[in-house]
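What follows is one structure encoded as structure tokens, with my remarks underneath.
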Amino acid sequence: MSTGTARIGVDVGGTFTDFVLHDPVRKMVATGKRLTTPDDPSEAIIAGTMRLLEETGLKPADLHSIVHGTTLVTNTIIERTGATVGLLTTAGFRDVIEIGRETRYDLYDLYLEAPPTLVPRHRRLEIPERIDVHGATLLPLDEEAVRAAVTRLVEVEKIEALAIAFMHAYHADRHEIRAGAIVAEMYPDLPLSLSSRVAPEIREFERTSTACANAYVQPLMRRYLDKLEADLAALGFVGRLHVMLSGGGIAAVRDAKEFPIRLIESGPAAGAMAASFLARLTGENHVVSFDMGGTTAKMCLVENAAPDRKFDFEAGRVRRFQKGSGLPLKVSVVDMIEIGAGGGSISRVDEASGLMKVGPRSAGAKPGPICYGRGGTEPTVTDGDLVLGRLDPKYFLGGEMALDPNAVQRAIETGIAKKLGVERDMAALGIRRIVDETMAAATRMHLAEKGRDPRRYTLIAFGGAGPVHSYDLARLLKMKRMLVPLGAGVASALGFLVAPPATDLVRSHVGRLERLDWDHVNGLLAQMEEEGRALLLETGADPDQITALAAADMRHVGQGFEIPVKLPSMKLSAKDLPEVRENFFASYRERFGRALTDLPIEALSWRVACLAPGRDIQLAEVANTATESFTDAARAARGVREVLFEGIGWRPCQVYDRYALAPGASFIGPALVEERESTCVIGPEAKVSVDSFRNLVVELP
């Protein structure tokens, strides 16, 4: 194992792959950004890692660990490019994943398109067996039927992975365990997903869907992570490779290979963890995290330095914003809204309506926006920002990637402006306005669903395109304060380095509070804590610093859905019942504005979150910055550029070198603050200061 001290966070996005290196001994932070290589994401990871090591003078042996997040899982499900999967299920329940909840996500659409299943009917085979809701065996497992079904699926259907989901396996998993053992004896190399391991929760449809989704992405993720480990080893890396989970915690690669579905939101989660770190650093208790990259924009509510979380997720929605139109998954995720609004989002004039549309389709890394000169032909948000003067064609990626403004101007003129009958500059301004309004509407909806007023929040903006659009987004949301960190263009990668080693575990056990068997509940909590601690030890966490927190999903008897409730301790008894009830009422009031204190309460699932402390990073020392910084902002200026502002027109903007602005520097907008990976656009009359952590703090007029 490596004795090095440096750590690298790697965020593989749809357009760019971002890097942050931190070495606490050398007091050094370095950043990097490369175009993503969609055909093989590990190519960009290896190239970017080598570049960082060269820039910092480090060797692979100096690396303690690499923390990695990827959109590969969610892209595989959205694009339906996963493995050929088979499913073994209880006789009579073959069509569970097709019947679903028997609800329509749009009641009035006569041509409703249901989300396609990951396992077609001919690869879903029934096994005679049955365990009841109390765990008693009604029908023993037919082992010969298991052998015959698996043989058919492997030899005839040529499956690449198998899922097993039996009735009530969340409560009693012995039939699933035995069937899995039979499969392992027959085909030891066949990737196998047991629903009682992947999602040991009540609700047959969601549990089966999650097991199938895990099997669907498992072979691909195993190949990808195996190759990444081999490539890093060939580079000379001997440290630990970790991955970011969708819930914002760090886990070992073994866990990722076994349960890759838990990585479905690993990339976006890193941004929320970075925003949480910055909120804690600056004392901001009410924050909206805004992460705008090349493909998507992500908004997340962060309160008291922690993002909201939820324990269900919909993947591959047929209609992007329509709840119920995707595949339901039982996984722990950071609660955020993600929309197709990024720098690479493509603009077009809709032939039917004659109106301009922007996104959700993206130019991605290949071919990318027109200005990249890599074959793109459709104008994107980044192309529009270039025409508006918000980007310097000679300083993109610190001057490493020259942009082509002439090609963009021609494309917007012919592809957008002439069709709309407006001037080219107005067409570019329209692209910006549409994408900003789309993001503002999505953010308003996300906060309104939680009963929050955006005017009371500070916007923390990052991502390659985030600081370019954050001022206008904050203005549309009527926010008065905005914070942009140093290295904003790669802040998601920073999130990998500050996120704590953490994991969430769950077991279902249904019962009314006054009738619960507390010994059984305590046994479940202890079992989950033991499992969670073992997983965190694989990440190198200090066993003395691992803490466990308990919670339960509860509801009033007769209700259809439950809410998460904190539990007072890891060991409960009837004496804790009054406090548990009060915690439920408090959580209920927060969501619904009232509590029904005279109705009985039941618990459905019990949860344990195990976590170790995250690492703090001092952002003051950045390796690839200017050699000198100034408190006098005028000394950090490096020219003037004309920028087009809506309702104001073209205005000369002072351009500042981000790395030359020292803590204490201040100035008034309009202005542009440029750094290697991003540009921050600041509107007229805004007051800007640099705090002690070198964040730009913007007070809007």
Side-chain angles (χ1 to χ4, degrees), residues 85-100 119 121 123-154 159 161-188 190-212 214-215 258-259 330 505-512 515-528 530-531 552-553 557 602-607:
V85 175
L87 170 66
L88 300 185
T89 188
T90 302
F93 292 85
R94 180 184 190 182
D95 298 317
V96 160
I97 60 173
E98 207 145 6
I99 296 171
V119 187
R121 196 170 195 271
R123 295 204 301 267
R124 306 195 298 258
L125 302 185
E126 299 180 350
I127 303 297
E129 69 84 35
R130 190 64 183 267
I131 291 175
D132 71 10
V133 68
H134 303 295
T137 300
L138 299 181
L139 181 65
L141 176 68
D142 188 334
E143 298 188 2
E144 288 307 313
V146 172
R147 293 186 176 91
V150 173
T151 300
R152 173 183 163 185
L153 288 172
V154 173
I159 65 167
L162 178 68
I164 301 178
F166 291 154
M167 278 293 290
H168 303 304
Y170 67 89
H171 182 63
D173 60 2
R174 55 185 177 274
H175 283 184
E176 279 196 1
I177 296 296
R178 178 54 189 153
I182 293 171
V183 174
E185 292 169 5
M186 297 174 64
Y187 301 99
L190 180 68
L192 180 63
S193 296
L194 304 182
S195 74
S196 54
R197 291 280 294 147
V198 177
E201 293 188 62
I202 193 170
R203 290 199 171 92
E204 192 71 10
F205 170 43
E206 288 83 352
R207 180 165 56 88
T208 305
S209 176
T210 307
C212 291
N214 193 75
E258 187 174 359
F259 305 112
K330 283 296 200 178
L505 297 108
V506 61
R507 299 286 188 274
S508 284
H509 174 65
V510 182
R512 289 175 58 156
R515 301 175 186 171
L516 280 171
D517 180 349
W518 293 108
D519 289 337
H520 182 73
V521 169
N522 289 331
L524 291 178
L525 297 178
Q527 178 188 359
M528 288 187 282
E530 182 181 358
E531 183 180 341
D553 296 344
V557 174
E602 65 179 352
L604 278 80
S605 297
W606 304 85
R607 300 182 182 276

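What you see below is based on every heavy atom in this structure, not just the backbone, and it leaves out hydrogens, waters and symmetry mates.
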So, the side chain of [X] versus the backbone of [Y]: is there a donor-acceptor pair under 3.5 Å, distance only?
{"X": "Thr210", "Y": "Glu206", "result": "yes"}
{"X": "Asp132", "Y": "Ala136", "result": "yes"}
{"X": "Glu602", "Y": "Gly511", "result": "no"}
{"X": "Arg124", "Y": "Arg94", "result": "yes"}
{"X": "Asp173", "Y": "Glu176", "result": "no"}
{"X": "Asp95", "Y": "Glu98", "result": "no"}
{"X": "Thr90", "Y": "Met167", "result": "yes"}
{"X": "Asn214", "Y": "Glu258", "result": "yes"}
{"X": "Ser196", "Y": "Ala169", "result": "no"}
{"X": "Trp606", "Y": "His509", "result": "yes"}

Subject >> For Asp142, salt bridge (Lys or Arg N to Asp or Glu O under 4.0 Å) partners two or more places apart >> reply: none
Original post:
When you check the gap from the basic side-chain N to the acidic O, do Arg197 and Glu531 get nearer than 4.0 Å?
Top reply: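 Salt bridge between Arg197 and Glu531, a charged N being under 4.0 Å from a carboxylate O: yes.
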**OP:** For the pair Arg607 and Glu201, find out whether any cationic side-chain nitrogen is under 4.0 Å from an anionic carboxylate oxygen.
**Re:**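 Salt bridge present between Arg607 and Glu201.
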Subject >> Under 3.5 Å side-chain donor-acceptor pair for Thr137 and Arg130 >> reply: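 Absent: no donor and acceptor within the cut-off.
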Original post:
With distance as the sole criterion, is a donor-acceptor pair present between the side chains of Ser195 and Arg207 under 3.5 Å?
Top reply: yes
Working to the nearest 0.5 angstrom, can you tell me the gap between [X] [atom1] and [Y] [atom2]?
{"X": "His168", "Y": "His175", "atom1": "NE2", "atom2": "NE2", "value": "12.5 Å"}
{"X": "Ile164", "Y": "Thr208", "atom1": "CD1", "atom2": "OG1", "value": "12.0 Å"}
{"X": "Leu87", "Y": "Ile97", "atom1": "CG", "atom2": "CD1", "value": "6.0 Å"}
{"X": "Leu162", "Y": "Cys212", "atom1": "CG", "atom2": "SG", "value": "9.0 Å"}

Subject >> Arg512 atom CZ, neighbour heavy-atom count above 12 within 6.0 Å >> reply: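 Counting other residues, nucleotides and ligands, CZ of Arg512 exceeds 12 neighbours.
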